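What follows is a short report on a single structure.
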2 protein chains.
Amino acid sequence: MTPMKEDYLKIIFELGGTKKKVSNKQIALSLDIAAGSVTEMVGKLVQEGLAKHTPYAGISLTKKGIRYAETLVRKHRIWEDFLVDKLHYGLPDVHSEAEVLEHVTSERLVDSLEAFLGNPTHCPHGGAIPDKEGHYQEDSHTSLADSQDGDEVAIERFIDNHDLLMYLHDIDLQIGQDVTVMKHDPFEGPVTIEVKATGQKIPVSYKAAHNVFVK
Amino acid sequence: MTPMKEDYLKIIFELGGTKKKVSNKQIALSLDIAAGSVTEMVGKLVQEGLAKHTPYAGISLTKKGIRYAETLVRKHRIWEDFLVDKLHYGLPDVHSEAEVLEHVTSERLVDSLEAFLGNPTHCPHGGAIPDKEGHYQEDSHTSLADSQDGDEVAIERFIDNHDLLMYLHDIDLQIGQDVTVMKHDPFEGPVTIEVKATGQKIPVSYKAAHNVFVK
DNA sequence: ATTAACGTTTAGGCAACTCAAAATGTCAAA
DNA sequence: TTTGACATTTTGAGTTGCCTAAACGTTAAT
C-alpha cells in the first residue's frame, strides 16, 4: 500500500463512496490529478479488493476498502488532536501536517497516541474519531444553513478547509458553542446567530453556513 | 527533496561524509541498494549542490548537505525522545518509527515538538540533538572497549541498532549510569563493569562494548 | 609489468505513478 | 433520432528510483 493509494481511498471515502457511487471526475478534481490517471489507479484498488468500479457509472468502496479508509481517518484525526491539544497549533494549520503524518503512522503508534491524548472521541474540527475496531458515531449532516430561525443548536463540526477555518476563527465561531439561530437573510445572505454564553450576535456568510454542522 | 534522497544524505553523514570521503560500497551496503543505483543517486545530490563526488575516490557532503543532514538527525532524535518520554516506547523500538516520521516533519512541527519536550539535548540513545541553528555537542567516540581497567566512566551513548539495544536492555545497562571498568577478558571476551549505584557487576560482550560509548 | 580481484560507473530495463491527447460512451436537447 | 456536450477510458510517453550485467579503473600480488 502506497501513500497515493491511501489518498485515493480516503478521498473516495470522504466523497461518500461508502454508500453511493462516486464519479471519476469528483476524484480527479479533489486530488488534482488527471481523469485518466484516476481510472488507472482505481483499477489497482479494484484488483486489491478495496473498491468496486462500474465503468461509466462510478466507483464505490468494498467493506475492506471502507475498513482501511477508516484507519486512515482515525490516524488523521488523532494527529490533529495531538497538534492542537499538545503542540497548540491553530485549527486551520493542523490539516496539512496530519495529511502527511497519517501515511507513516503504524497501528502501535496511533494506539499509543490515542492513549496519551486520553482517548479523544472527536478531532478539533468536531469529526468523530473511529476507535481501534473502527466504531464511531456518525457525524451530523445538518448544516447551519439548513437550520430554521429560532432553532437552538450546538456547533458540532466544521469542514476541514483552511480558508473556511481562518474565516470562522476571525468571526470567533467555535466548536461546542450553544447558539440560537436568529435569521436567514435572502439572496444567499448571511445566517445570523446569537451565542448563548456571551450574547454575541454573529453573521455567518451563506457559504460558510453550508460548511458548519450543528445538532 | 524526496525521502530516498534524504536517506542517502543521512547515511553519508553518519558514515563520516562530513570530513572524509565515503565509498560507494559503504553507502550501498548501508542502504541495501545496488552500487549502480548509488552512483546514479549521488549524481543527483551533486547536481543539487548537496554532495561532492570524485569518481572512483569517494563521496562527501558539501556545507549545504551537512546542514540538511543535521536537520534530519534533529528530527529523528526529537521524535525518538517523544516516543520514549511521552508514549513510553522501549529503546529498541523507536528507531524504525522515527525513521519514517523524520521525512514528513516540517520545521514548525519539529520546533513545536522540541518545546513540548522541554528542549532535550540528547536522544534516548545518548546522541546529541542539534538545535534549530544546527549547533550540538560532538558525541563521545570513546567506546567501552577502548576504556582501561580501573577507569570510572559514565555510559553516554549507544549505537542505534535494534539487536544491540535488546541485548543492552536484557543485561540492564542504561544511559547515564556511572560505572567502574573491572576487566577486559582476552580473546574478544567480555568487558566486565560494576555499576556504582547498585554494586551490580555486568559482563558486556566484546562486540557490544564496541558499540557503547562512555566519557 | 602483468594480471587478478574487486570497486565503480555505464547501459538497458522494469515498475509505479503521472500527464496529454485520442477514442469511446452517455445522455439529453433539438 | 441525430447531434453536441461532456464524462470516461485508452493509449503513448515522461519521470523517478530501482535492478542486473557489462564495461571500466585501481590496486596490489605475482
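So you know, we letter chains A, B, ... as the sequences are listed, proteins then strands, and number each from 1. Fair warning: this is a prediction, and the values are worked out from it, not measured in the lab.
Atom CG of B:L144 and atom CG of B:D151 lie 9.5 Å apart (nearest 0.5 Å).
Using a 30° and 60° split on the angle between ring planes, B:F82 and A:F116 fall in the perpendicular class, above 60°.
We find that A:R67 and A:E133 are not joined by a salt bridge, their nearest charged nitrogen and carboxylate oxygen being 4.0 Å or further apart. B:E97 and A:R108 are not joined by a salt bridge, as no carboxylate oxygen comes within less than 4.0 angstrom of a charged side-chain nitrogen. With respect to the salt-bridge test (charged N to carboxylate O, under 4.0 angstrom), the residues B:K5 and B:E48 qualify.
In this structure, A:I33 places its CD1 atom 13 Å from C1' of C:dA16, rounding to the nearest Å. For the pair A:H103 NE2 and C:dC17 C1', the computed distance is 15 Å after rounding to whole Å. Going from atom CD1 of A:I59 over to atom P of D:dA7 covers 14 Å, rounded to whole Å. Spacing between atom NZ of B:K44 and atom P of D:dC18 amounts to 8 Å, rounded to whole angstrom units. As a whole-Å value, the separation of A:M4 CE from C:dC17 P is 9 Å. What separates CE of B:M41 from P of D:dG17 is a distance of 5 Å, to the nearest Å. Note: CD (B:E40) to P (D:dT16) measures 10 Å, nearest angstrom. In this structure, B:Y56 places its OH atom 12 Å from P of D:dT27, rounding to the nearest Å.
OP1 and OP2 of C:dT8 both lie 4.0 Å or more from every side-chain N or O belonging to B:H53. Side-chain N/O atoms of A:S37 include one lying less than 4.0 angstrom from OP1 or OP2 on C:dC19. Between A:T2 and C:dC17 there is a side-chain polar atom (N or O) within less than 4.0 angstrom of OP1 or OP2.
Looking at B:E6, B:E107, B:E102, B:E99 one by one, the single match for salt bridge (charged side-chain N to carboxylate O under 4.0 Å, His left out) with B:K75 turns out to be B:E107.
In this structure, A:V38 and A:P55 both approach DNA chain C, and ranking their closest nucleotides by distance from the 5' end singles out A:V38.
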Restricting both atoms to N or O, compile the protein contacts to nucleotides 2-5 of chain D shorter than 3.5 Å, with distance only.
none

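Under a 3.5 Å cut-off, the side chain of B:E14 and the backbone N or O of B:I12 do not form any donor-acceptor pair.
Near DNA chain D, meaning a heavy atom under 4.0 Å from it, residues 6-29 of chain B has B:Y8 in order of number.
Heavy-atom contacts from other residues, nucleotides or ligands closer than 6.0 Å to NE2 of B:H169 number 12 or fewer.
By the 6.0 Å and 45° rule, B:R74 does not stack over the aromatic ring of B:Y136.
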